[in-house]
Every structure is written in C-alpha cells, then in structure tokens.
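See below for the structure under consideration.
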Amino acid sequence: MHPDDRRTFLEAWKSAVATEKEYQATIRVRTVKGDYVTLTGRALPVRGPSGEIREWIGCTTYEHDARPQPRQTAPLHAAQVRAARALLNWSAPTLAREAQVSFSTIRRMETSTAGVRSENLRKVRDVFERNGIRLFHDGEGRACLGLAERGAS
C-alpha cells in the first residue's frame, strides 16, 4: 500500500467498524513490477439473527474494472446471486418473495443459473438492482457485483 494512503485506509475501516456501516476506500497498491495501481475497496457488514455483525463481505476493484458492461453481455452467475443475497442480508425465501419466483428457483440459481428461465433471471436481477446491488462482469469476463452509487437510479 502506498505510504500516503495508509491513513485513509485505516480511518475508513475504523469508521465503518465503529458505525457498523459501509466501508469504502480508494488506495494505491504497489504491483510486483513496482508501479502503483489504484484500487477501490467496499464492504458491508453481514448481520446474524440477533442483529450482531457476523462478518464483513466486500470487493476490491481496479478503477478501470469498476464500470459495468451492458446488461445483455453480463449473464447472471450463481456466485453473484449468493453474494448479493448476503449483502442484502436476505434469506432465500425473502429473495424468492421479493423477486416473485419460487424458493426452489432461488436454490437452483445459487448452484447454477444454467437452465433457469430467463424471465426468472431477469426478476432476480431487477430486485437486486432496485435494492442497490449492481451485477456486472469486469473487463476480463469475471462475474462481479457492487453497490450502486448513492443517488444513482
């Protein structure tokens, strides 16, 4: 990590832990070649049944990877479904209810989205996006998700 960014990172993390809210920080990290790349890290707490923080789940993206590709080129991936549900702290039955699909459809989607009706994939994607989760693939085709920017529609 770039020495000038250590304080930014620590303050953002301490604030997130103290307030139990979203963590976000943009820092520079040195690569194996010795140059620096800019990364943005974001995380949210995942709460247990009593409301306690069970764990933090997040992602780190290169600045140039952070832009979603057009929706039609980014098929929904099972890992995205699982991670987005965890970020929202929703049970599978809650996701099924919100997306208006069956519980068994959600369970199948969390294993593999192959063979799931495109209408059901769209419903799940739409409910995630309405609740602030962006689903996309990075420049190398990896399935990703992120939090929608505040104020973005």
Side-chain angles (χ1 to χ4, degrees), residues 1-2 4-29 37-63 65-69 71 74-138 140-153:
M1 180 182 309
H2 192 284
D4 293 345
D5 294 343
R6 288 187 178 131
R7 175 170 279 182
T8 299
F9 168 79
L10 285 172
E11 288 175 1
W13 179 246
K14 285 179 183 179
S15 174
V17 170
T19 62
E20 299 185 353
K21 304 273 186 202
E22 175 187 359
Y23 156 79
Q24 180 175 342
T26 300
I27 60 170
R28 293 163 289 175
V29 177
V37 295
T38 302
L39 304 175
T40 298
R42 297 179 86 172
L44 286 172
V46 176
R47 298 188 182 278
S50 323
E52 79 282 3
I53 294 178
R54 200 175 69 217
E55 62 186 326
W56 289 79
I57 186 167
C59 64
T60 303
T61 56
Y62 287 102
E63 261 188 25
D65 285 345
R67 295 287 184 257
Q69 292 184 353
R71 187 173 176 160
L76 195 59
H77 190 276
Q80 289 173 307
V81 176
R82 293 189 306 270
R85 187 169 67 78
L87 278 172
L88 293 170
N89 200 25
W90 284 359
S91 65
T94 299
L95 175 55
R97 184 178 61 250
E98 292 294 321
Q100 298 179 345
V101 299
S102 70
F103 171 75
S104 62
T105 295
I106 299 302
R107 282 297 184 222
R108 273 195 323 273
M109 289 176 80
E110 290 186 341
T111 303
S112 171
T113 57
V116 176
R117 291 183 187 152
S118 60
E119 175 185 343
N120 290 337
L121 293 169
R122 181 191 48 78
K123 286 180 178 181
V124 169
R125 177 186 289 279
D126 289 348
V127 79
F128 285 147
E129 290 178 354
R130 281 194 309 272
N131 284 278
I133 305 293
R134 290 186 311 120
L135 304 166
F136 59 98
H137 286 70
D138 68 13
E140 296 178 21
R142 293 176 296 217
C144 301
L145 67 121
L147 303 174
E149 293 181 29
R150 288 184 173 90
S153 53

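For Val127 against Asn131, the heavy-atom pair with the smallest separation is O-ND2, 2.8 Å. Counting all heavy atoms, side chain and backbone alike, Arg134 lies closest to Leu147 at NE-O, 3.7 Å. Across all non-hydrogen atoms, the minimal contact from Ala92 to Phe103 is CB-CE1, 3.4 Å.
Under a 4.0 Å N-O distance rule, the pair Glu110/Arg85 qualifies as a salt bridge.
Separation of atoms CH2 (Trp13) and OG1 (Thr8) is listed at 16.0 Å; rounding is to 0.5 Å. Ile57 contributes atom CD1, which lies 10.5 Å from atom CG of Asn89 (distance to the nearest 0.5 angstrom). The CD1 atom of Ile133 sits 12.5 Å away from the CZ atom of Arg125 when rounded to the nearest 0.5 Å. The line from CZ of Arg107 to OG of Ser102 is 11.5 Å long, rounded to the nearest 0.5 Å. Rounding to the nearest 0.5 angstrom, the gap separating the CG atom in Leu145 from the NE2 atom in His77 is 12.0 Å. Atom CZ of Arg108 sits about 11.5 Å away from atom OG1 of Thr113, to the nearest 0.5 Å.
Side-chain contact, Thr61 with Thr40: no donor N or O sits under 3.5 Å from an acceptor N or O.
For the pair Gln80 (side chain) and Phe136 (backbone), a donor-acceptor distance under 3.5 Å is present. Not one N or O on the side chain of Arg54 forms a donor-acceptor pair closer than 3.5 Å with the backbone of Val46. No side-chain donor-acceptor contact under 3.5 Å links Glu119 to the backbone of Arg117. Side-chain N or O atoms of Ser112 include one that pairs as donor or acceptor with a backbone N or O of Ala114 at under 3.5 Å. Put simply, the side chain of Arg42 never gets that close to the backbone of Cys59: no donor and acceptor are under 3.5 Å apart.
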Problem - Residue pair Ile27, Thr38: steps toward the side-chain contact (heavy atoms from CB on, under 4.5 Å) verdict - result: CA-CA 6 Å; Ile27 60 170; Thr38 302; over 6 Å; no

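For the side chain to side chain donor-acceptor pair (under 3.5 Å) with Asp126, the qualifying choice from Arg122, Lys123, Arg130 is Arg122, the only one to do so.
Two residues are said to be in side-chain contact when any heavy atoms from C-beta on lie closer than 4.5 Å; Trp90 and Ile106 fail this criterion. Here the side chains of Val81 and Leu95 are in contact, with some heavy-atom distance below 4.5 Å. Inter-residue side-chain proximity for Leu87 and Phe128 is flagged as unmet; no heavy-atom pair is nearer than 4.5 Å. When side chains are defined from C-beta on, Ile53 counts as touching Arg47, because their heavy atoms get closer than 4.5 Å. Side-chain contact between Arg28 and Asp4 is present, with heavy atoms from C-beta onward closer than 4.5 Å. Leu121 is listed as a side-chain neighbour of Met109, based on a closest heavy-atom distance under 4.5 Å.
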